[in-house]
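This report refers to the structure that appears directly beneath it.
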Amino acid sequence: MPSYKAPVEDILFLLNDVFGFERYNNLPGFADASPDVVEAILQEGAKLCEEVLAPLNLPGDAEGCTRREDGTVTTPKGFKAAYDAYAGGGWMGLSMPAEYGGQGLPHTLNSVMQEFTSAANLAFGMYPGLTQGAMAALLVHGTEEQKRTYLPRMVEGAWTGTMNLTEPHCGTDLGLLKTRAVPNPDGSYSITGTKIFISAGEHDLSDNIIHLVLARIEGAPAGTKGISLFVVPKVLVNPDGSLGERNGVSCGSIEHKMGIHANATCVMNYDSATGWLVGEANRGLNAMFVMMNEARLAVGIQGLGQSEVAYQNAVAYAKDRLQGRALTGAKAADKPADPIIVHPDVRRALMTIRAFNEAARALVLWTALQADIAHRSDDPAERQAAEDHMGLMTPVVKGVLTDKGFDNAVAAQQMFGGHGYIEEWGMSQFVRDARITQIYEGANGIQAMDLVGRKLPRDGGRAMMRLLQEIDTFCKENAAEAALKPYLGPLAAAVGDLQKATMWLMQNAMAKPDNAGAAATDYMHLMGLVALGYMWARIARAAVTAKAEGRGAESRMDARLATGRFFMERMLPETATRLARISAGADAVMALPAEMF
């Protein structure tokens with residue numbers, strides 16, 4: 001059975017040495033997150049994920065969820081007890097405000113826990129993950145009554161949440177949705193329609209499920225300008241907070257999926273279900289985008305989580321599996337063959353995954369810190385800079401981390417040879433589960449188009465200019481450090497490729513929009529490579545400093561420097577290839593007539 005070990009030491013190094021977590025003690029919630037408290041939280045979270053969630057991953061995938069004739073859904077054996085342990089540990093409300101029962105700690109710590117749960121058991125992690133997204137939307141756009149009614153019970157884990165967007169005839173183009181909302185005399189609405197692909201739509205983990213549903217009020221404008229958001233509980237809530245009658249919402253079926261079998265992905269039927277407007281009428285996408293952006297960042301973390309757990313199991317197998325002899329002579333002369341980890345091509349594959357994982361983890365924490373600043377700082381300039389970062393990096397985190405997460409799961413599976421194709425070894429589950437991350441919460445091609453078409457030119461390109469300035473300042477400040485030259489030189493070259501690609505789009509995308517469309521995915525990955533390269537440069541600086549000051553295990557710092565050098569030499573040069581594709585324009589992409597396909 002596969003195993004998982006949460007990378008606690010690596011995260012503590014990133015928080016303390018790379019990002020200086022304590023520097024943010026002026027922000028609400030950070031003063032309570034002292035280094036010893038943070039370490040204790042991470043250790044407890046790691047224990048839960050390693051000992052409770054990870055052992056349920058493989059059997060949960062095999063058993064899946066079961067829909068009964070009455071429309072109720074049963075999760076796999078052990079999931080209910082695991083969820084009770086998760087909720088009982090206070091993990092649902094880790095970063096939620098204390099006034100609703102949360103602990104008010106930095107969102108950054110919640111992002112760490114999201115990685116742990118995503119790696120240990122992705123299907124399980126989606127139940128609390130979607131709830132946290134629903135809470136975020138209600139916190140920002142819900143009325144005071146809605147917050148008082150739903151948030152305390154969701155924070156404690158007694159109730160869970162979902163997001164309901166997709167319908168059989170529309171996915172990304174939500175302007176086509178048909179679910180309708182009819183006003184009732186008491187101010188509520190009757191919601192009728194069908195939603196599909198609703199993760200955690202029905203299950204036996206909680207007493208109530210709070211659905212956030214996009215629908216169109218009768219008479220509303222066509223397209224996205226006429227969409228509203230509604231809160232529709234599975235079970236209606238009485239004025240005193242107790243549960244009342246069952247609402248007109250039910251699970252019609254469970255989707256038969258490639259992966260995440262232990263999460264109930266449902267077809268949800270709304271039959272005059274009672275719901276209440278969240279936010280303003282006809283501005284539902286504005287409210288739902290709070291949840292969608294939370295979900296997109298969380299999905300990027302899922303890609304990292306699957307990459308990490310697949311890597312860990314591939315390394316363990318590569319150290320144990322005997323096959324052939326090293327090209328430079330036997331390394332295990334007392335055995336009939338050497339372990340496959342001696343072979344350069346095996347090392348190449350494993351180092352590629354490892355170098356991605358460590359930088360991607362840093363990128364996630366960097367972005368999570370910006371989210372904390374955006375929501376907690378009282379300095380308008382700080383908040384604006386943080387919001388710029390979030391806008392620019394959300395499609396990159398979602399798109400790049402899930403594309404590479406899937407690629408890395410496949411590469412890790414390859415280490416097992418034929419055994420990787422056999423279900424009992426667990427590697428095929430990582431591949432199947434990772435695949436959905438590229439699709440849901442906005443397919444990655446849409447993320448790339450969002451980056452190029454909206455996020456990049458917003459506010460005159462302010463976010464991109466800020467990013468480039470930050471990297472340039474870092475390189476100049478550390479130019480005299482000889483130990484960092486192997487990292488700063490390749491980073492500067494990659495930044496140059498990003499600048500050229502950005503300039504090319506500025507000059508060629510407006511007059512010919514297909515140029516932007518054809519370039520989008522390559523541009524997203526080029527920016528991702530630069531962002532990961534910048535993370536490696538910062539990690540290298542922290543490792544060099546720690547070695548000079550005698551802090552931490554020197555072997556661990558050397559391992560970080562070696563892994564970073566691999567990234568700079570073997571992975572970052574891909575920016576040149578991406579630039580060449582972008583600069584080629586759309587002609588070859590669009591040349592073949594549609595009827596010739």
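- E308 and Q312 share a side-chain donor-acceptor pair at under 3.5 Å.
- Checked for salt-bridge contact, R361 and E115 meet the test: a charged N lies under 4.0 Å from a carboxylate O.
- The local environment of CE in M258 is crowded, with over 12 non-hydrogen atoms from other residues, nucleotides or ligands closer than 6.0 Å.
- Remark: E358 engages R354 in a salt bridge, criterion side-chain N to carboxylate O under 4.0 Å.
- Note: Y4 OH to T117 OG1 = 8.5 Å, rounded to the nearest 0.5 Å.
- For the atom pair CD1 of I471 and CD of Q499, the computed distance is 9.0 Å after rounding to the nearest 0.5 Å.
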Query - Candidate pair N293 and T394, rule side-chain hydrogen bond (donor to acceptor under 3.5 Å, both in side chains), full reasoning - result: CA-CA 7 Å; N293 284 330; T394 294; 5.2 Å; no
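- For the atom pair OG (S307) and CG (N357), the distance works out to 3.5 Å, reported to the nearest 0.5 Å.
- Centroid-to-centroid, the aromatic rings of F567 and Y487 stay 6.0 Å apart or farther.
- A side chain to side chain contact (heavy atoms under 4.5 Å, CB included) with P395 is found for exactly one of M527, R454, K455, namely K455.
- Here CG of N110 is found 10.0 Å from CG of L105. Values are rounded to the nearest 0.5 Å.
- Surrounding NZ of K257 are more than 12 heavy atoms belonging to other residues, nucleotides or ligands, all under 6.0 Å away.
- Between the side chains of S377 and D379, no donor-acceptor pair of N or O atoms lies under 3.5 Å.
- Under the 4.0 Å criterion applied to side-chain N and carboxylate O atoms, E9 and R560 are assigned as salt-bridge partners.
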Query raised in the report: What's the verdict on salt bridge (charged side-chain N to carboxylate O under 4.0 Å, His left out) for E387 and R462, showing C-alpha distance, side-chain angles and the deciding distance?
Result: CA-CA 11 Å; E387 288 167 0; R462 184 179 66 208; over 6 Å; no
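- A ring-centre distance under 6.0 Å is not found for Y83 and Y127.
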